[in-house]
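Below: one structure, written as structure tokens.
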Amino acid sequence: MKIKKAVIPAAGLGTRMLPATKTIPKEMLPVVDKPSIQYIIEEAVASGIEDILIVTNRAKSAMDDYFDYHPELEESLKRAGKVNEIETVRRTADLANIFYVRQKETKGLGHAIWRAKHFVGDEPFAVLLGDDIMVSETPVMRQLIDLAEEYSCSVVGVQRVSREVIGKYCTLGVKPVKERCYDVTELIEKPRPEQVISDFAILGRYVLTPAIFDVLEDLPAGYGGEIQLTDGLNALCQNERMLACDFEGKRYDTGNLRGYMEVTIDMALEHPEIKDWMKDFLRSKIENS
Ligand code: UTP
């Protein structure tokens with residue numbers, strides 16, 4: 001089983017990042033000098049993905065434009081002799097084969113994934129949530145794909161989260177298979193404290209078999225009146241094997257203000273052009289506060 005296609009659901013309303021996301025898609029908010037979705041596409045490409053479908057909506061056409069050529073801008077950069085800048089803007093359009101489909105109504109993550117059915121066809125595929133930036137030695141999606149290819153089954157990316165916050169995610173029943181790898185037996189979206197089965201939660205990365213589409217087709221609305229991917233995964237893992245990969249790496253949730261600020265500062269501290277300045281700036285701020 002080879003995984004060459006990925007789906008990035010990016011049709012959410014981004015209400016936690018208002019007012020910026022009133023007109024700017026949250027996936028286009030810059031993290032230092034790149035929009036956050038570019039980090040996600042770069043992770044997919046570094047994991048061996050060739051074709052990417054972004055699930056968008058009518059307010060998100062800035063994404064299509066970003067991953068396209070911009071001849072007028074390139075011409076102007078050429079006239080100004082800005083060779084490096086031409087390469088930088090060209091590269092965004094050449095990262096991968098990027099396709100788009102619209103989710104016409106914001107009916108939930110499960111519904112957004114279901115919109116990818118025709119693009120995916122009859123092969124397993126990767127899912128990377130548009131909100132979650134990962135920093136790791138081996139790309140997080142590659143870690144999941146390695147397991148999916150070894151065991152020929154679906155894999156969800158998990159990490160342990162504290163009991164205080166697990167209610168914002170989902171909880172999973174798991175049985176150990178080998179180091180950092182578990183069989184998934186059950187999933188519950190946004191669990192109440194008495195429903196928490198383990199400390200593991202899914203954090204924005206999945207490899208799914210196309211059987212998920214049959215499940216999503218008839219799935220009733222779940223938590224919050226939305227069609228929940230977690231409910232679909234719970235049904236899927238009753239019918240076929242599903243593994244949880246306790247991935248190595250740091251995950252940032254850019255969909256909320258703290259996560260967004262955290263990733264922005266961390267990335268600035270790694271950026272070759274500004275990292276020294278950034279360190280001095282932060283140091284002086286702390287000393288003077
Ligand atoms: P979130 O709930 O984190 O995103 O969905 P949101 O709805 O944009 O956020 P808030 O709560 O209003 O701030 C997880 C992922 O699922 C996508 C989102 O774009 C995000 O990547 N999603 C969610 C869809 O594509 N469609 C939906 O109907 C819902």
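Just so you know, ligand 1 is whichever comes first in the structure, and atom 1 is the first atom listed for that ligand. Note that the structure is a prediction, hence the values are computed from the model and not measured.
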request  = Only counting residues at least two apart or in another chain, list the ones meeting side-chain contact (heavy atoms from CB on, under 4.5 Å) with Lys175.
outcome  = Asp183, Thr185

request  = Might you list the protein residues in contact with ligand 1, defined as having a heavy atom under 4.0 Å from one of its atoms, sorted by chain and number?
outcome  = Pro9, Ala10, Ala11, Gly12, Leu13, Gly14, Thr15, Arg16, Lys26, Glu27, Gln103, Thr106, Lys107, Gly108, Leu109, Ala112, Gly130, Asp131

request  = Examine distances only and state if a side-chain atom of Thr264 and a backbone atom of Val32 form a donor-acceptor pair shorter than 3.5 Å.
outcome  = no

query = Does Tyr169 have Lys190 sitting over its ring (NZ/CZ under 6.0 Å from centre, angle to axis within 45°)?
reply = no

task = Examine distances only and state if a side-chain atom of Arg180 and a backbone atom of Ala244 form a donor-acceptor pair shorter than 3.5 Å.
result = no

Flag, side chain of Thr254 to backbone of Asp131, donor-acceptor distance under 3.5 Å = yes

Donor-acceptor contact present, side-chain Lys60 to main-chain Ala10, <3.5 Å = yes

